[in-house]
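Note sheet for the following structure.
When reading the values below, keep in mind they use all heavy atoms of this one structure, side chains included, and skip hydrogens, waters and symmetry mates. Below, read A as the first sequence line, B as the second, and so on, with proteins coming before strands; counting in each chain starts at 1.
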2 protein chains.
Amino acid sequence: MENRSCSACLIKSKAAESLIDNELELLGQNCVEVAFERGETLFKQDALSSNIIYLQKGLVKIIMQGPQRKQILRLKKAPCYLGVPTTMGDKINHYSAVALEPTTVCFIDLGAFKSLLRLNTEFSYEIIVELCKNELEQFHRCVTLVQNQIFGRLAVNLLYMANTIYHSGEFDLPLSRNELADLICTSRETVSRMLSELDQDGIIEVNGKHIRLIDTKKLEEISKNG
Amino acid sequence: MENRSCSACLIKSKAAESLIDNELELLGQNCVEVAFERGETLFKQDALSSNIIYLQKGLVKIIMQGPQRKQILRLKKAPCYLGVPTTMGDKINHYSAVALEPTTVCFIDLGAFKSLLRLNTEFSYEIIVELCKNELEQFHRCVTLVQNQIFGRLAVNLLYMANTIYHSGEFDLPLSRNELADLICTSRETVSRMLSELDQDGIIEVNGKHIRLIDTKKLEEISKNG
DNA sequence: TGAATTATGTGATGCAAATCACATAATTGA
DNA sequence: TCAATTATGTGATTTGCATCACATAATTCA
C-alpha cells in the first residue's frame, strides 16, 4: 500500500486527465494504491461504502447475491472506475467486486471524490459519460440474459471475452465453470455440456480453461438467435 | 408546445433547483414543454438522440427491442429525467419511451444540457446521483428477473406499483396483459393464469385491470422466494 | 349499430434446462 | 507424496413455462 503522487501517474483515467495541479494533489492525498491477487475481494456487498475505486490494472467480477444464487453482473477490465453507483447511490454496497487476476487499484476517499466532482466540471462530465455508457451496456446485458437461451448467452460472453477483454480469439477463461454459470445464469452442468457441444460442432476448441474460437461467424449467429 | 420561463416552474427537478438565474434562462431558451397521450412515443430506439427529457407529470415505459421480443426495461414515474444514458452514452437511442398515461415532459436541447453540466457542478452532482440510483435499481431488477420464477417477478412488480407508483394497495394496472408480460418477460397466457391463481388464492383481487392487494405479507413472501 | 379488430382466458402438448446422481480429474495442503 | 478437497464431465429424470389452439369478451370505427 503506497501513496504516490497522482500527477506523475501514467495511467490516469480520462476524467483525471482533466484535473489541474492542486486537484491532483487533493486526489493524491486521498488515494492509496493496493494490489490484489486472484480471488481477493475489493469490496463487499452490504458493507459500508466509503471509497471509489479506480481499477488501474487487471480484471474483476462484479457479483450480487440474489434471492436464489449469486450472480456475476459483469466483468470489468482496467482502466475504469468501480463502485461509483454503489458508493454514490447508497450508503451500503449493493454488490461485491472480486479480482480475477492480479489487479492494482486506487482507493479514493469518497469525500475527496465528491470534492473533485464539485471542483471540476470536466471531471464530473467524464464520470457522467462513463456512468451512461455502463448503464446502456447493462441494459443490453439484461436483455440478452433474459431473452436468449443458454447457447446464445454463452456465445455472447465468449465473444465479449475475445473481442473486448483479450483482443484475441484464443485465451484462457478467467472463470471456473461454476463462475461461468454465475455469469450466464445457468447451472455448472449446463455450461459443461454447452462447451463440449460447441467444441464437438467445431465452433470453438476447449482445453480445460483454454478457449480458441474457430468459427466466429457461427458463434456470432448463435449469439444473436440462440 | 410552449416555451415558458423555467425560473417560474414549480416542478423543477432537484438538479434544476441548483441553477442560478442566467442558467435557468439558458435552460428556458432551450427547452419546450410537450404533452403526450397514453400510447404516444416520447423517443424511439435507433433514432438520433438529441434531447434530454425531463418528465414533469405522468408515467412512461422504457422499452428495448431485444433479439427475440420487445422488453419493458422499467417504468418511470414523474418527476425524473429520461434518456440521459441513451443520449449522453451514444448518438443513437438504445431504447424507446412510451407514455402510459397523459404525460407532460420538457424536451431539453442536448447542447444546453451539456452546457449546464459544465456551468454548474451542483447540477452535475445531482445528475450523477440520479444516474447512480438508477443503475442500482436496474441491477436489482435484472437479478430479480433472472433468478425469480414468474410468480416472484409478478409479485415484485405488483408491489412496486402499489408502493412506489400509486402509493395504494388498490389501483388500475397501467398495462395490458401483453405489456405486463413484456415487463416480467413471460407470455401473455402465463400472466393471465398467474393473476387468476393469485386471485383464487385470495392474495390479490383482480377485476380486469383493477387490482386490489389483499394479503400483502404473502405477496412479499412470494416476491422473495418465488 | 354491427362488423372487425384487439384483448383476454383456459386447456393440451412439448421442450429447454434445472436438478439429481455419480464418476473422474485436478488442485491443495499437511 | 498422498489424502482431502474442489472442479469438472455426463447420463437420467423432472418441471416450469412457452407455445399452440381455440373460445369469449371488450373496443374500435365505418
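For the pair Q200(B) CD and dG9(C) C1', the computed distance is 11 Å after rounding to whole Å. Rounded to an integer number of Å, the gap from CG of L180(A) to P of dA7(D) is 14 Å. Distance CG (L145(B)) to P (dG16(D)): 19 Å, rounded to an integer number of Å. For the pair K209(B) NZ and dA25(D) C1', the interatomic distance rounds to 12 Å; values are reported in whole Å. dT19(C) atom C1' lies 14 Å from atom CD of Q68(A), rounded to whole Å. When rounded to the nearest whole Å, the span between CZ of R188(A) and P of dC20(C) equals 12 Å. Rounded to whole angstrom, the span from the CD1 atom of I184(A) across to the P atom of dA17(C) amounts to 10 Å. As rounded to whole Å, 16 Å separates atom P of dT8(D) from atom NE2 of H210(A).
Judged by distance alone with a 3.5 Å cut-off, no donor-acceptor contact links the side chain of R177(A) to the base of dG9(D). Judged by distance alone with a 3.5 Å cut-off, no donor-acceptor contact links the side chain of R193(B) to the base of dG16(D). Residue-to-nucleotide contacts include a donor-acceptor pair under 3.5 Å from the side chain of E189(A) to the base of dC20(C).
Closest to the S192(B) side chain, of the nucleotides dG9(D), dT8(C), dC17(D), is dT8(C). Here the side chain of Q149(A) is nearest to one of dG9(C), dA17(C), dC17(D), namely dA17(C).
Classification of E137(B) and R74(B) as a salt-bridged pair holds, one side-chain N sitting under 4.0 Å from a carboxylate O. K209(A) and D172(A) are not joined by a salt bridge, as no carboxylate oxygen comes within less than 4.0 angstrom of a charged side-chain nitrogen.
Exactly one of R69(B), K70(B), R38(B) qualifies for a salt bridge (Lys or Arg N to Asp or Glu O under 4.0 Å) with E179(B). That residue is R38(B).
For the OP1/OP2 pair of dC17(D) and a distance below 4.0 Å, the side-chain nitrogens and oxygens of S187(B) include no atom meeting the criterion. Residue S176(A) places none of its side-chain N or O atoms closer than 4.0 Å to OP1 or OP2 of dT6(D). Contact annotation: T190(A) does not reach the phosphate of dA16(C) (side-chain N/O to OP1 or OP2, under 4.0 Å).
Atom-to-atom distance recorded for L59(B):CG and L100(B):CG is 5.0 Å, nearest 0.5 angstrom.
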- request: Apply side chain to side chain contact (heavy atoms under 4.5 Å, CB included) to F43(B) and F107(B), showing your working.
  value: CA-CA 10 Å; F43(B) 57 86; F107(B) 280 84; 5.7 Å; no
